[in-house]
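Have a look at the structure below before the remarks.
Convention: sequence-line order gives letters A, B, ...; per-chain numbering from 1.
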Number of protein chains: 8
Amino acid sequence: MPTRRPRVGIVMGSDSDLEVLRETIRVLDDLDIPHEVVVASAHRTPEQTRRYATRAERRGIRVLIAGAGGAAALPGFLASLTSLPIIGVPINSSPLSGLDALLSMAQMPKGVPVATVAVGKWGAANAGILAAQILALSDANVGKRLAAFRRALAAEVQQRSRRVAAQLKKRQ
Amino acid sequence: MPTRRPRVGIVMGSDSDLEVLRETIRVLDDLDIPHEVVVASAHRTPEQTRRYATRAERRGIRVLIAGAGGAAALPGFLASLTSLPIIGVPINSSPLSGLDALLSMAQMPKGVPVATVAVGKWGAANAGILAAQILALSDANVGKRLAAFRRALAAEVQQRSRRVAAQLKKRQ
Amino acid sequence: MPTRRPRVGIVMGSDSDLEVLRETIRVLDDLDIPHEVVVASAHRTPEQTRRYATRAERRGIRVLIAGAGGAAALPGFLASLTSLPIIGVPINSSPLSGLDALLSMAQMPKGVPVATVAVGKWGAANAGILAAQILALSDANVGKRLAAFRRALAAEVQQRSRRVAAQLKKRQ
Amino acid sequence: MPTRRPRVGIVMGSDSDLEVLRETIRVLDDLDIPHEVVVASAHRTPEQTRRYATRAERRGIRVLIAGAGGAAALPGFLASLTSLPIIGVPINSSPLSGLDALLSMAQMPKGVPVATVAVGKWGAANAGILAAQILALSDANVGKRLAAFRRALAAEVQQRSRRVAAQLKKRQ
Amino acid sequence: MPTRRPRVGIVMGSDSDLEVLRETIRVLDDLDIPHEVVVASAHRTPEQTRRYATRAERRGIRVLIAGAGGAAALPGFLASLTSLPIIGVPINSSPLSGLDALLSMAQMPKGVPVATVAVGKWGAANAGILAAQILALSDANVGKRLAAFRRALAAEVQQRSRRVAAQLKKRQ
Amino acid sequence: MPTRRPRVGIVMGSDSDLEVLRETIRVLDDLDIPHEVVVASAHRTPEQTRRYATRAERRGIRVLIAGAGGAAALPGFLASLTSLPIIGVPINSSPLSGLDALLSMAQMPKGVPVATVAVGKWGAANAGILAAQILALSDANVGKRLAAFRRALAAEVQQRSRRVAAQLKKRQ
Amino acid sequence: MPTRRPRVGIVMGSDSDLEVLRETIRVLDDLDIPHEVVVASAHRTPEQTRRYATRAERRGIRVLIAGAGGAAALPGFLASLTSLPIIGVPINSSPLSGLDALLSMAQMPKGVPVATVAVGKWGAANAGILAAQILALSDANVGKRLAAFRRALAAEVQQRSRRVAAQLKKRQ
Amino acid sequence: MPTRRPRVGIVMGSDSDLEVLRETIRVLDDLDIPHEVVVASAHRTPEQTRRYATRAERRGIRVLIAGAGGAAALPGFLASLTSLPIIGVPINSSPLSGLDALLSMAQMPKGVPVATVAVGKWGAANAGILAAQILALSDANVGKRLAAFRRALAAEVQQRSRRVAAQLKKRQ
């Protein structure tokens, strides 16, 4: 992790969620946004998680990203303890394919929002981008890198279109 | 509430859940089990809820019953803070009919169980009975009242069978 | 709407969504955050919606909130056109109770996040709060009003707890 | 692709959808219907996709087929930009098995229909057949080839019935 | 119904589906497309339905629209008997809110497509529009009326936007 | 109930299920099949239910129809105790709209089938018809009445078709 | 297949369903019930399927078992053409895991029941047993073999209980 | 199994459920709680299961844990026969991923609660912990071991957090 002070905290309930959340780390690395990664469970280490959440703002964290599966209480737990924006990544680690985690994050009661993204790797990448969009509101450099990132994504789609066309032509 | 020391704590995230949880209160009243009712939200008043949960055992509470709708984190939150058995009642207060609350309670991760019952009033009544079953393991009087309660339920089914038969005969 | 320049744009695909999104307006009014309301459909008026989205940032909008039901493409459509953070409110206006809108918003592909909140009124209120949390990162006054708003919510839960207790005592 | 002017445009949001949409290509090849394949994303390359959609009719395209997974906005996006009939193929590329894509396509609001077919390969093949049925209304040759295609399908079912019978007899 | 030869056949499994399918009739009336309405059940009057389907093409019908609820076999049944394009409208007449009808229509096997639209009234209106889009491929007049219809829909969205803005201003 | 020996036993877990199961009674009355109605709960009166199930065959019962909601164990419980065919009617009495009852009946393990029909009134009527189809295999009179019943259903569909046509004409 | 006249017809929409329906064949073989297997599709070979269904009763068939996946119309199609009892086996051959097939079979409209069993192999085996239960009503020999079959199943459960106990003991 | 009198009975409907329920056994072994394991099916060996349930309390069993898949009637069946607390573990052994088992257990009718935990291995482990929480109410030694078990779980989370941090550092 960069030595600069982290701006985004990535919290996961279990280290088995790391495989999915690597997508978040990759995006934040690509956008050169300093971040930190913490394993902290709403249910198994509530006290440490509480301490982490209540101190995050003072430590310079601006956005928290929390990934969890099943009764995925972690992002809502953080949201109850800090006014920082919380992004929730539902993880498909239970037999119910992540529908449980999606509902457990999205259906938060009035007063305590969680910004929920897609189940699994798509969502993990998008959590990083959403954090960047939020940071870009007060940091023009992040905004520039984000714009470049989006142009690269679009260029990739166009390149793939050409590759598909070439591939289909060859087949004839 | 009875002046005897409460043995069961009923916790709800919102007073709008009271309509459903009245079924729990009714069952505990019928079984003469002293209880208390608290409105405390995992998400909106985490600190008070935490205090309630961590002191419950010392105050003589033996079982906690928590009702909540949507991303129903309340019973899991209590479960992370005390070793008392926690019973969760999913409440159908969101447009998703309680499926969200059911999954948010049942799908708890390893280490922190919530004893989940049915969505809505059936579950609320059953939460009271399950609490009584647990208390009956160390209190023979509760066991006797519970046995009587179950005999009454069975008698009611039989009486209804006769009433249905009579009603259908008349119709002829 | 206040004469100050709006910071939050609330976009709805149909005026029938206004009933739900009034919760968003109420929260933003309470937090004294200037906002504007637009009816614009991803599917029926794509050109106007596109114009609105691509100009929003220049006009000083910092966060867009989009409510829609069914195949709720509106927030994703906005997200494809601007780098502003987009909050999606799934609305339960189809016979499928909003599950369709929830999946259509949350399951966005890599590159284009939508910050999805709960189906219906809970989500509409939370969209306003989430927007405030984001704005508070660069506006300390919003942060103070938000903190007060959350304390008020917590106080309300405690007051309701007392009311429930009183109500149950009377019943005895 | 044939040098004749394409009549059907197959659009996919990501080249990873090609595996499923090959079924569409195969059917259109079998029915000798000229077609083209484009990778264009509603969310990542909205401007290119818009250009493609708004020019398709003038270029002689009669039917558009769009495959997408997750919050599968692509067919609805095309439908908002052209009056050509749009066929949507939900693709099971997210952990939610394509239910998300199915609802995101089928539940379109009044005014902008998407002709949705089955999730995955069945749907991809049927999209080609449905396009042929539409073209056959004004092209008797397509109609003849389609009738032959359907007779072949029926013959295949009968042949398989005999094969199953033979296989089961041998087993005795 | 107009005395001109009908081009679209609307088939419903039960007259209780008429309430929903009136939306289809209204759209076709608005677009001045001659149509006919038939109550015919795949399950209760298979022989009559078969006769209707197999003769439809010869009688000048170009598109069939079938509405049904529950195990909504009607559109698939028609699709097995004619090569005309079939549009299916899932109707929410069972306790499962139309999810059963949606899956029973969309998930057709390879070879026999049903163009499935949204559950209920949205889908019923869209079925009429989709039929018009298909007819417009070989009838420029339908195309013109359809373009006008879409402009009217867009104008309505804009008018509603102004009405919402006015309404919200008054409230202040 | 007729004085002839009942051939079909209708069992319900709660008298609140009678509203739905009246459809079954009506069909059996129409087909003149002697039947009896019993309120017996798998969960609340297991002993009485067991006695009823194990004696049914000897008493001349040929088919059992069981309606239940929620964790609808009743038909499976009967199926474990007798070799008579058991028909299960899922009842939508819980907030989950009968999906719970449908899965609890249909998903029986190997060895103990339950013939599951539709949720609610459609299923209740069909349970009566299915029972008649089974009885008709060894009772030609039931077969004749059943054939007449089906002809009447078909005639009703045709009559409704005419009524719809007339109604739509008048409207013009 | 035995040379005796078949009493049960097993119909499948595709030979790929044979893998699941082998369970049905195995059970009928074990119970020595003569049967036949036919590949016939409601959607792809409706005419042949119709002929099969309408002649089945005259040919001595007493029960029809139909397996299908997706929009599994086959059993309902048969049910619309004959008064024989129809048993439906939902097959999990689409990406939606058989939920589509289950709803497409169970949710039949009033008048045309399908006796639906579990998704996949459990259901396939149970279809055979249910057919035997129906045949046993008029064939005491089938009844005897069925009783033996069920005793064998129970004995197997007990033997497995002992094996599990032994296995767990060894582990110590 | 220990020679001390078992306090917890683990019942499974099929020995194929053992793989999941080993998690329960492991937890009870870790907490040194004497237990026994029985294969007994609600549907295939109802009489033996009934005998087991009705004698369990007299034999010193305090809590029953039942795992089952599909129409998972086993825990409800036990609950109808004894007043001991019953914990249900839904097992994902059918193609519907355990949603069927979850609903079949959680949605119990008023009067007969089942304490339902998560689908699969998480739930199996939690069933053991919940049983320990119940036993701890009257056995301080179990309470002490349970507290140690929870501290170990929390320590493991913290250790994993350090391991993840180390792993991510190395990657740089």
Taking atom [atom1] of [X] and atom [atom2] of [Y], what is their separation to the nearest 0.5 Å?
X        : Y        : atom1 : atom2 : result
H:Asp15  : G:Gln159 : CG    : CD    : 10.0 Å
H:Ser94  : G:Lys121 : OG    : NZ    : 14.0 Å
H:Arg44  : G:Glu156 : CZ    : CD    : 8.0 Å
G:Arg160 : H:Leu18  : CZ    : CG    : 12.0 Å
G:Leu99  : H:Leu96  : CG    : CG    : 6.0 Å

Near G:Glu19 CD, under 6.0 Å, is it more than 12 heavy atoms from other residues, nucleotides or ligands? no
Tell me whether G:Arg55 at atom CZ has more than 12 heavy atoms from other residues, nucleotides or ligands lying less than 6.0 Å away. no
Of all the heavy-atom pairs spanning H:Pro95 and G:Ser97, show the shortest one and how long it is. O-CB, 3.5 Å
Using every non-hydrogen atom in the two residues, find where G:Leu168 and H:Arg22 come nearest and quote the distance to one decimal. CD2-NH1, 4.0 Å
Side chain, backbone, both or neither: which part of H:Ser93 has a non-hydrogen atom closer than 4.5 Å to chain G? both
